[in-house]
Structure formats: structure tokens, C-alpha cells
Peer 1: 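If you scroll down you'll find the structure; I have some questions about it.
Along the sequence shown, residues carry numbers from 1.
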Amino acid sequence: MATRPGPLTEWPWQWMGNFKYLVLVPAVLHTAHRVATKGWGDLDPAYATMLPALLLRMIHNQIWISLSRYQTARRKNVIVDRSIEFEQVDRERSWDDQIIFNGLEFYLAYAMIPNVRLLPIWRTDGAIVTVLLHMGPVEFLYYWFHRALHHHFLYSRYHSHHHASIVTEPITSVIHPFAEHVVYFMLFSIPTLTPIFMGCGSVLGIVLYIAYIDFMNNMGHCNFELVPKWIFKAFPPLKYLMYTPSFHSLHHTQFRTNYSLFMPFYDYMYNTMDKSSDELYEKSLKVTDETPDLVHLTHMTTLQSTYHLRIGIASIASKPSNKPVWYSWMIWPVAFLSMVLAWVYGSSAFVIERLQMKKFKMQTWAIPRYNFQYGMTLERESINSLIEKAILDADERGVKVLSLGLLNQAKTLNRSGELFIQKYPKLRVRLVDGSGLATAVVLKSIPFGTKKVFLSRITSKVAQGTAIALCEIGIQVIMNQKKEHDMLKSRLPEGRTVYLKFSNKDIPKIWIGDNIDDKQQQRAPKGTTFIPTSQFPLKKIRRDCTYLSTPAMKIPETMENVHTCENWLPRRVMSAWRIAGILHALEGWDMHESGDDMMDIDKTWSAAIKHGFAPLTKY
């Protein structure tokens, strides 16, 4: 919101929250009634185009969001090397308000202007009129209106809301107070309504003009340069007719230059063009892909996790994945299609996120596979090939550490990365499964003064490491699986086996384990605390019990560009497995953590605290 919000700052339907789309229901019902009573043949081109045009605009904007976030994660051609935080994402989550507003405007215009019903699909003369009106009145009026918005009176009441985003994303382009959008609507109505009143308007002319506005708006607010130099060399006057992302980025960093809408000739004419525009353009085009110090290798989990990627839907990715949005069921076909395409065409890991902690650079890469595929025997070789390819790519690029997230370190898949170390003994990149820190976090989550815990199953290094560590400090571990009990007992020091007990009756109120199923949870006494040792959260079926988070820690304030949630974890919380890779690189540890090898628990915990990571629970 602006620093001193003026009248008409808020959108009329802001009070409706996520139900704001209900304002379009009358239009949808009217269309349905018209089709039901008169048939599809009664719909003229203008009316039939309205709802599909709104949907296509949303898809168009989302494509730009995904493209921009993917490119800025790679850092290729990046313009402003600064971070985006949750505050900006929350402020820009209402980018679809202007599409709802335009939808209402379209229906109102259809109802009030009889000529709209008679619009043909295309008129070339009308399209020429639209182009000339945009180049003339629209660009001119916008330029001076924009300069007026930068006067302190209007800036503090309205335009400062838009300029709160120094590092822009495509959706930043439409983040304005409602009053500003009303003015923009009047401006853009000049090229759309004038041809209609002149009798040369067309449906496609209006749709293409709006698509042009969206395209230029989104492109100009990308934080990477994508306009190639050869375009301006082939047609030099184009520099006066089309701005670039770096050109408009200077407006967001310098504030008093580069006011033009899409065509910079008025900035040249009135001497408000930033003198560093050409220099920044050239410099941005020379920025190459960044080589991070650390890569965290993850993968998609459920179909809905496609939206939750940083390159997915920004508002969804900024919240824990266990908090579904109301419209997720409406877009599941897109998620299903994404899964199929990833399965068929996904031949390598792709960059989804870039973080920075002082001078330390991190990237997250995703294997294009989902949880269910990791459980398929026929897919194991294919998935291991994808992981191997990512490891070799990181090694070739000079990455110091690669941490294996989620099922990429599954024992049945590659034994926590040991398979690749044996295959490539000269690997320079260090593979980390994070089991040492994860074990430390579980141990620190156990309430102080606990005398005994129940261990449900041992299917991971973390569960086994936690059980051994508990026995070594004198806390009794109770198990009811004889085979696993005997296996664990054989690995304990001789003097500590007394702390491992097999029993079906002695059930304490502290439970730990990888996968504590529904039946097991029902056996737990009232008031039990469940502490997962797995990377995946437990299913919560007991209201009279406490469920702790999967092993994770709060990240330090020095970690920047954090504006998405890691799967089901809260904001600015990171899984222990991922943090372990960061510590490995920060501390310069030279060993791999894979197979049966585990980093020293106390050593990794001390390093985490030293670098500003904090526990979620304190006892």
C-alpha cells in the first residue's frame, strides 16, 4: 500500500478476499442463460470472446511469471542484483484484480455500446487507427500522467505502492492502487473505443491490443534483459518505439527518469531518459549463468507441488504446501499435464531457486519426477540417471557441494549417493545427505528430562542415528519390532545395549520414527508427542497428541531472496537436510556424507548455530 493511501486506493472487492471472483458470476450466469435459451449460434464474436480472453490473459501473465523466475534463478542477463522477499510477494498477490476489473469493463461496454454487437472479427483499417492512437495520444498522455504521479503529493498517496518493488517481476507491472487503474483504463480506452465509434473496430483488433499491453508490461518488468542487440542493429529507430527491461528497471531504481509507457521517444524528447540506459542494457546482456557454491537437488512431490515451485504460482509458493488454495481443484488438469510432459520430456534437472547468504550463493535444482515415480521399480534407473547427470553437471561447473533432498537420497535408489561416489571416485563436488544435522535436530526436539522414547521403525539413517545417540546419552529406546531391535542392538557399543528395550507393553509418550502409520498412532497414549525422523511429515490423525515438524531450522536473517516455502515448512524455515549442505560448503568440509557415513552430530549442530540457524523448538 502507498505510504499515505489516498481515496480509491483499495479495490472495491478487496473485502471479499479469495472470493473476489464472485463479482464475475452475474456475467457468467448471463452467458450460461443465453446459451441455454438461445443456443451457441446467438453469441456474436464480441460476446463469445470476453471470458476466453480473460482466461488467456491470466495464462499469458503466468507464463511470464514462470519464465522470469526461472531466468533470474539462473542469473543469466540479470539486471538488478538484489533480492525479493515475502513482503513483495504478498503485496503483489493481487495482480489478477486488474483482469477482473477489465472483465467487468468489457461486459459494461457490451451492454452500453450497441456497435459492439456488430463488430467483425478483423478490420485492417481499425487496427491501423488503434496503432496510431496508441503511439500518439496514449503514449503522450501516459508520459505526463506518469510524471505527475511522481510528484510527492500523488506519489505518497498512490504511485509509491508500485515503486515499493525495486526488483521487479512481470506481475509488478499491474500492482497499482485502484484509482490508477481507472485512469489507465480511460487511457487504453482511446485506441479500443475510438475505432468502434468510427465504424472500423474489430474483435481481434481489441484482443490483440490488450495482448500487446500485457506483453510489453510483463516484458518491461522482467529483471533480466531479453531483447537482443541485433533487433536494434537491424532497425535503429526501434529504440524510440520499444523499451527494454533494463530501460524500465532504471525507472524503478532511479525514480526520476525513463517515464515512458512502452515507447521511449518522449523521454528522448523531454530529456528524461537515463543516461546509463544503453550502458545497463549492454552490461545486462553480458551477464552469464551463475555458478553457485551449493546446489540442493530436490524433486516434485504431489501433482499440486507443480504450483508450489518458485517458478509456479507465486502466491501458492509463498505458503506451506499443506495449506491448499480453494481453486487448486480447478487447475489440476494443468498439473496433470505438467506431470506427463515432465515424465516424457524431462531429461535433466532444472533451476528453480537462487538464494544468497552474504557472498555465499545457492541454487535449488529439481529432478522432473514426482513421489509416486520414485516408488516404481521400472523408474529407478531413469531417476538415477537424472541425478547422476545433475551431479556431473554440478561437478563440471565447479559447484562445491550438492545436497540430496527428499527421495533423491533413498537407500533403495542410490544408498544416499554412495552409488555415484563409487562410480566417480574423482568427484570434486561433495555429496551430502544431511543425516548428521537431521539427527541433531531430532535429538534437540526431544523434551528435556525425557527418560525413554518409543521408536516405531528404522528405515533411515536418521532414525538409526537418533536411536544410537539416545542410548549413548542414557535415554531408553523402546521398540516393538524384534528384527529391527536385534539389528540396532548389534550396532550399539557393548555398554549401551542396556538402554535398548524390546517391549509391546511399555509405551512412553515420546515417539520417534520415519513413518508412523494410522494404526500405530492409535496405540499411542493420550498426550503423546510425535517427532518425525523422515523428510516427509506425519499424517495427523490424533487431536489429543502433538505433532512436531520434520527436522528443520529457522534460517538466519542474512539469507536473502527467500520468498517461497520449502514444501510444507513455514516461511523462512529450511529442512535440516538442505541446511546440512549449506554448512558443508560454508565450513569447507572435504568429505562426502553418503552411504553409512554420517557427519559428527555435535559438530554439525554447533556449525548450524554458529552460522545463525535456530531450532524450531526449545526445551
Peer 1: Would you check if there is a donor-acceptor pair between the side chains of R82 and N223 at a distance under 3.5 Å?
Peer 2: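 Judged by distance alone, the side chains do not pair up.
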
Peer 1: Between S246 and E282, is the side chain to side chain contact (heavy atoms under 4.5 Å, CB included) condition met? List the steps.
Peer 2: CA-CA 9 Å; S246 55; E282 298 274 354; over 6 Å; no

Peer 1: Just by distance, do the side chain of S260 and the backbone of M263 share a donor-acceptor pair under 3.5 Å?
Peer 2: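 The answer is yes, because a donor-acceptor pair under 3.5 Å joins these two groups.
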
Peer 1: Just by distance, with hydrogens left out, do R578 and T364 show a side-chain donor and acceptor under 3.5 Å apart?
Peer 2: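 Indeed, the side chains of R578 and T364 share at least one donor-acceptor pair under 3.5 Å.
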
Peer 1: Mind checking the NZ-CG spacing from K283 to D278? Nearest 0.5 Å is all I need.
Peer 2: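 CG of D278 is found 14.5 Å from NZ of K283.
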
Peer 1: Under 3.5 Å, is there a donor-acceptor pair between the N61 and N218 side chains?
Peer 2: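 A donor-acceptor contact under 3.5 Å links the two side chains.
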
Peer 1: Can the positive tip of R147 be found less than 6.0 Å from the middle of the six-membered ring of F145, inside 45° of the ring normal?
Peer 2: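 Verdict for F145: no cation-pi partner in R147.
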
Peer 1: For F232 and Y281, take the angle between the two ring planes, folded into 0 to 90°, and tell me which bin it lands in: parallel under 30, tilted 30 to 60, perpendicular over 60.
Peer 2: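 Because their plane-to-plane angle is over 60°, the rings of F232 and Y281 count as perpendicular.
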
Peer 1: With a cut-off of under 6.0 Å to the ring centre and 45° to the axis, is R34 in cation-pi contact with Y47?
Peer 2: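 The answer is yes, since R34 meets both limits relative to Y47.
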
Peer 1: Taking the six-membered ring for Trp and the full ring for Phe, Tyr or His, determine whether the centres of H159 and H162 are under 6.0 Å apart.
Peer 2: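 When the ring centroids of H159 and H162 are compared, they turn out to be within the sub-6.0 Å range.
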
Peer 1: For Y21 and D96, does a side-chain donor sit closer than 3.5 Å to a side-chain acceptor?
Peer 2: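 Yes - a donor-acceptor pair under 3.5 Å links their side chains.
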
Peer 1: If the plane angle is over 60° it's perpendicular, under 30° parallel, otherwise tilted; pick one for W144 and F140.
Peer 2: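 The arrangement is perpendicular - the two ring planes meet at more than 60°.
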
Peer 1: Is any side-chain heavy atom of Y143 closer than 4.5 Å to a side-chain heavy atom of D267?
Peer 2: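 The answer is yes, as the side chains (C-beta and beyond) meet within the 4.5 Å cut-off.
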
Peer 1: Regarding D97 and W13, do their side chains bring together a donor and an acceptor under 3.5 Å, going by distance alone?
Peer 2: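 A donor-acceptor contact under 3.5 Å links the two side chains.
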
Peer 1: Distance from E139 atom CD to Y142 atom OH, nearest 0.5 Å?
Peer 2: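 One finds 9.0 Å between CD of E139 and OH of Y142.
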
Peer 1: Please determine, by modelled atom types, if Y110 and D44 share a side-chain donor-acceptor pair under 3.5 angstrom.
Peer 2: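 Yes, a side-chain donor-acceptor pair sits under 3.5 Å.
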
Peer 1: Is S318 reaching over with its side chain to a backbone N or O of S315, donor-acceptor style, under 3.5 angstrom?
Peer 2: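 It does hold such a pair.
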
Peer 1: State the CZ-CD1 distance between R310 and I316, to the nearest 0.5 angstrom.
Peer 2: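 R310 atom CZ to I316 atom CD1 measures 15.5 Å (nearest 0.5 Å).
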
Peer 1: For residues Q356 and R354, is any side-chain donor paired with an opposing acceptor at under 3.5 Å?
Peer 2: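 There is such a pair between these side chains.
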
Peer 1: Does either side chain, that of R571 or that of H563, offer a donor lying less than 3.5 Å from an acceptor on the other one?
Peer 2: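 There is no such pair (donor and acceptor under 3.5 Å, judged by atom type) between the side chains of R571 and H563.
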
Peer 1: Hey, which of R69, R91, R93 is the one that makes salt bridge (Lys or Arg N to Asp or Glu O under 4.0 Å) with E169?
Peer 2: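 Exactly one candidate clears the test, R69.
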
Peer 1: Tell me whether E85 contacts the main-chain N or O of N561 through its side chain, where contact means a donor paired with an acceptor under 3.5 Å.
Peer 2: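 Checking the backbone N and O of N561 against the side chain of E85, a donor-acceptor pair under 3.5 Å is found.
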
Peer 1: Quick one: does any side-chain atom of S277 pair with a main-chain N or O of M273 as donor and acceptor, under 3.5 Å?
Peer 2: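 Side chain of S277 to backbone of M273: no pair is present.
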
Peer 1: Would you mind telling me which of M135, M219, M216 makes a side chain to side chain contact (heavy atoms under 4.5 Å, CB included) with F262?
Peer 2: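 Output: one option passes, namely M216.
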
Peer 1: Distance only, no hydrogens: is a donor on one side chain within 3.5 Å (strictly under) of an acceptor on the other, for W64 and Q62?
Peer 2: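 Short answer, no.
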
Peer 1: Do R123 side-chain atoms and V203 backbone N/O form a donor-acceptor pair below 3.5 Å?
Peer 2: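 Checking the backbone N and O of V203 against the side chain of R123, no donor-acceptor pair under 3.5 Å is found.
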
Peer 1: Counting only N and O atoms by type, is there a donor-acceptor contact under 3.5 Å from the side chain of S68 to the main-chain atoms of P170?
Peer 2: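 No, S68 side chain to P170 backbone: no donor-acceptor pair under 3.5 Å.
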
Peer 1: Go through it in stages, so that I can follow the logic: the residues are L133 and T130, the test is side chain to side chain contact (heavy atoms under 4.5 Å, CB included), and I'd like the CA-CA distance, side-chain angles, deciding distance and then a yes or no.
Peer 2: CA-CA 5 Å; L133 287 173; T130 297; 5.9 Å; no

Peer 1: Atom NE2 of H308 and atom SG of C565: how far apart are they, to the nearest 0.5 Å?
Peer 2: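 H308 atom NE2 to C565 atom SG measures 5.5 Å (nearest 0.5 Å).
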
Peer 1: Are a donor atom and an acceptor atom from the side chains of E92 and S165 found within less than 3.5 Å of each other?
Peer 2: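 A donor-acceptor contact under 3.5 Å links the two side chains.
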
Peer 1: Measure from the side-chain N and O atoms of T9 to the backbone N and O of P5, and report whether any donor-acceptor pair falls under 3.5 Å.
Peer 2: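 No, the answer is negative, given that no donor and acceptor are paired below the 3.5 Å cut-off.
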
Peer 1: Kindly write out the residues that satisfy ring pair (Phe, Tyr, Trp, His ring centres under 6.0 Å) with F101, not counting sequence neighbours, or none if the list is empty.
Peer 2: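 Counting only residues at least two positions away or on another chain, F101 forms a ring pair (Phe, Tyr, Trp, His ring centres under 6.0 Å) with W11, F178.
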
Peer 1: Can you list everything that forms a ring pair (Phe, Tyr, Trp, His ring centres under 6.0 Å) with Y70? Sequence neighbours excluded, please.
Peer 2: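 None.
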
Peer 1: Applying side chain to side chain contact (heavy atoms under 4.5 Å, CB included), run through T302 and Y370 and close with a yes or a no.
Peer 2: CA-CA 6 Å; T302 63; Y370 295 76; over 6 Å; no

Peer 1: Should the ring pair H134 and Y209 be called parallel, tilted or perpendicular, given that the plane angle runs from 0 to 90° and is split at 30 and 60?
Peer 2: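 Because their plane-to-plane angle is over 60°, the rings of H134 and Y209 count as perpendicular.
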
Peer 1: Considering residues at least two apart in sequence or located in another chain, which fulfil the ring pair (Phe, Tyr, Trp, His ring centres under 6.0 Å) criterion with W343?
Peer 2: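 Ring pair (Phe, Tyr, Trp, His ring centres under 6.0 Å) check on W343 returns F372.
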
Peer 1: Do H221 and H248 have side-chain N/O donor and acceptor atoms under 3.5 Å apart?
Peer 2: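 H221 vs H248: donor-acceptor pair found between side chains.
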
Peer 1: Any side-chain donor paired with an acceptor under 3.5 Å for D274 and T257?
Peer 2: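 Short answer, yes.
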
Peer 1: Do W365 and D393 have side chains that approach each other closer than 4.5 Å (heavy atoms only, starting at C-beta)?
Peer 2: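 A side-chain contact under 4.5 Å exists here.
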
Peer 1: Between H150 and F255 (judged by ring centroids, cut-off 6.0 Å), do the two rings come close enough to count as a pair?
Peer 2: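 No; F255 has its ring centre 6.0 Å or more from that of H150.
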
Peer 1: Looking only at side chains, do Y266 and T272 share a donor and an acceptor under 3.5 Å apart?
Peer 2: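 Short answer, no.
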
Peer 1: Whether the side chain of H181 engages the backbone of V174 through a donor-acceptor N/O pair (distance < 3.5 Å, no angle test) should be reported.
Peer 2: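 Such a contact is found between H181 side chain and V174 backbone.
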
Peer 1: K359 vs D293, test: side chain to side chain contact (heavy atoms under 4.5 Å, CB included). Steps then yes/no.
Peer 2: CA-CA 10 Å; K359 294 183 178 180; D293 299 293; over 6 Å; no

Peer 1: Cation-pi check, R572 to F86: give yes when NZ or CZ is under 6.0 Å from the six-membered ring centre and within 45° of the ring axis, no otherwise.
Peer 2: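 No - R572 does not lie over the ring of F86 by the 6.0 Å and 45° rule.
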
Peer 1: Do the two ring centres, one from H163 and one from H252, sit under 6.0 Å apart?
Peer 2: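 Yes - the distance between ring centres of H163 and H252 falls below the 6.0 Å cut-off.
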
Peer 1: Report the distance from atom NE2 of H60 to atom CG of N217, rounding to the nearest 0.5 Å.
Peer 2: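 If we round to the nearest 0.5 Å, H60:NE2 and N217:CG are 10.0 Å apart.
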
Peer 1: Would you check if the side chain of R57 reaches a backbone N or O of P52 as a donor-acceptor pair within less than 3.5 Å?
Peer 2: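 No, R57 side chain to P52 backbone: no donor-acceptor pair under 3.5 Å.
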
Peer 1: Would you check if the distance from the ring center of Y259 to the ring center of H251 is below 6.0 Å?
Peer 2: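 They qualify: ring centres under 6.0 Å apart.
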
Peer 1: Any chance the side chains of E566 and T564 put a donor and an acceptor closer than 3.5 Å?
Peer 2: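 Not at all, the side chains of E566 and T564 share no donor-acceptor pair under 3.5 Å.
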
